[in-house]
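None of these values were measured; they are calculated from a predicted model.
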Amino acid sequence: MAANEDQEMELEALRSIYEGDLCFRELSPVSFQYRIGESGDPKAFLIEVSWPETYPQTAPVISMDAFFNNTISSAIKQSILDKLMVEVEANLGTAMTYTLFEYAKDNKELFMENQPVNTVTSVSNSIAIGTPDVPASKKKDKKEQLSKTQKRKLADKTDNKGELPRGWNWVDVIKVT
């Protein structure tokens with residue numbers, strides 16, 4: 001078979017295998033991305049595979065230059081690319097895009113074992129309000145302070161139980177003939 005026929009068959013296979021998979025993305029008929037790991041996973045990474053004209057007889061172009069990978073150190077990226085190139089050499093001459101993505105998924109933990117996890121704490125958890133020796137769960141939430149005018153307007157709108165009257169937000173439907 002010609003290289004283009006092999007590419008067409010592999011493209012069709014990839015589309016059917018990854019149909020509905022949110023991790024897979026077809027950038028063009030010869031370029032694909034796959035996210036290894038869940039969305040919130042700090043050790044997730046993105047692999048991009050592009051096919052040259054003579055693929056699968058020649059190696060595909062594998063890249064990790066996507067913005068998604070900016071948190072990964074360049075040494076880790078190079079290590080992943082080196083391990084993927086070993087797989088490419090072993091599978092040269094056959095359709096290997098699926099094999100590369102699955103190999104990366106299976107070895108994700110091994111690839112990312114030396115990658116430091118950057119944990120981001122939210123600002124509200126890191127700022128202590130009030131006295132530091134009182135746990136946050138024991139503090140009482142303050143009620144919103146209303147002025148006398150605001151209280152009077154609220155009392156005029158509501159009944160004696162503090163509830164708005166029935167139909168306060170209803171809209172009249174007008175029929176134009």
Handout entry: Under 3.5 Å donor-acceptor, S31 side chain and S28 backbone
Key = no
Handout entry: In one Ile/Leu/Val/Met/Phe/Trp/Tyr side-chain cluster, 4.5 Å: I80, F68
Key = no
Completion exercise
Between L146 and K151, the two heavy atoms sitting closest are O-CE, 3.4 Å
Exercise for the section: Just jot down the side-chain hydrogen bond (donor to acceptor under 3.5 Å, both in side chains) partners of T94, sequence neighbours excluded, or say none. Expected result: none
Problem - Closest non-hydrogen atom pair, R35 against E38 - result: NE-C, 4.1 Å
Problem - Under the ring pair (Phe, Tyr, Trp, His ring centres under 6.0 Å) test, residues paired with F45 that sit two or more places apart - result: none
Exercise for the section: Indicate, with yes or no, if L46 and V49 share a hydrophobic cluster defined by side-chain heavy-atom contacts under 4.5 Å among Ile, Leu, Val, Met, Phe, Trp and Tyr. Expected result: no
Exercise for the section: Indicate yes or no: at least one non-hydrogen side-chain atom of F24 is less than 4.5 angstrom from one of I17. Expected result: no
Exercise for the section: Grab the two heavy atoms, one from P60 and one from M96, that are nearest each other, plus how far apart they are. Expected result: CD-SD, 3.9 Å
Handout entry: L110-V88 co-clustered via ILVMFWY side chain contacts under 4.5 Å
Key = no
Fill in the blank from the handout: CG (L11) and CG (D6) are apart, to the nearest 0.5 Å, by 12.5 Å
Problem - Spacing of L81 atom CG and I76 atom CD1 [to the nearest 0.5 Å] - result: 11.5 Å
Exercise for the section: Enter the distance from S79:OG to L84:CG here, rounded to the nearest 0.5 Å. Expected result: 9.5 Å
Problem - Pairs flagged by salt bridge (charged side-chain N to carboxylate O under 4.0 Å, His left out) wherever residues 90-108 is involved - sequence neighbours left out - result: D41-K108, E102-K105
Handout entry: Minimum-distance pair of heavy atoms, taken over all atoms of V30 and Q7
Key = CG1-OE1, 3.9 Å
Problem - Distance, nearest 0.5 Å, that separates CD1 of I47 from SG of C23 - result: 11.5 Å
Completion exercise
P52 and V61 have their tightest heavy-atom pair at CD-N, 4.4 Å
Problem - Nearest-0.5 Å distance, CG of residue L92 to OH of residue Y55 - result: 9.5 Å
Problem - Residue pairs, two or more places apart or on separate chains, that pass salt bridge (charged side-chain N to carboxylate O under 4.0 Å, His left out) and touch residues 12-22 - result: R15-E26
Completion exercise
Heavy-atom nearest pair, Q33 first then L27, reads CG-CD1, 3.6 Å
Handout entry: Any residue meeting ring pair (Phe, Tyr, Trp, His ring centres under 6.0 Å) with Y34, in chain and number order, not counting sequence neighbours
Key = Y18, F101
Problem - Enclosure of Y98 OH (heavy-atom neighbours >12, cutoff 6.0 Å) - result: no
Exercise for the section: Scan residues 76-88 for pairs that pass salt bridge (charged side-chain N to carboxylate O under 4.0 Å, His left out), counting only residues two or more places apart or in two chains. Expected result: none
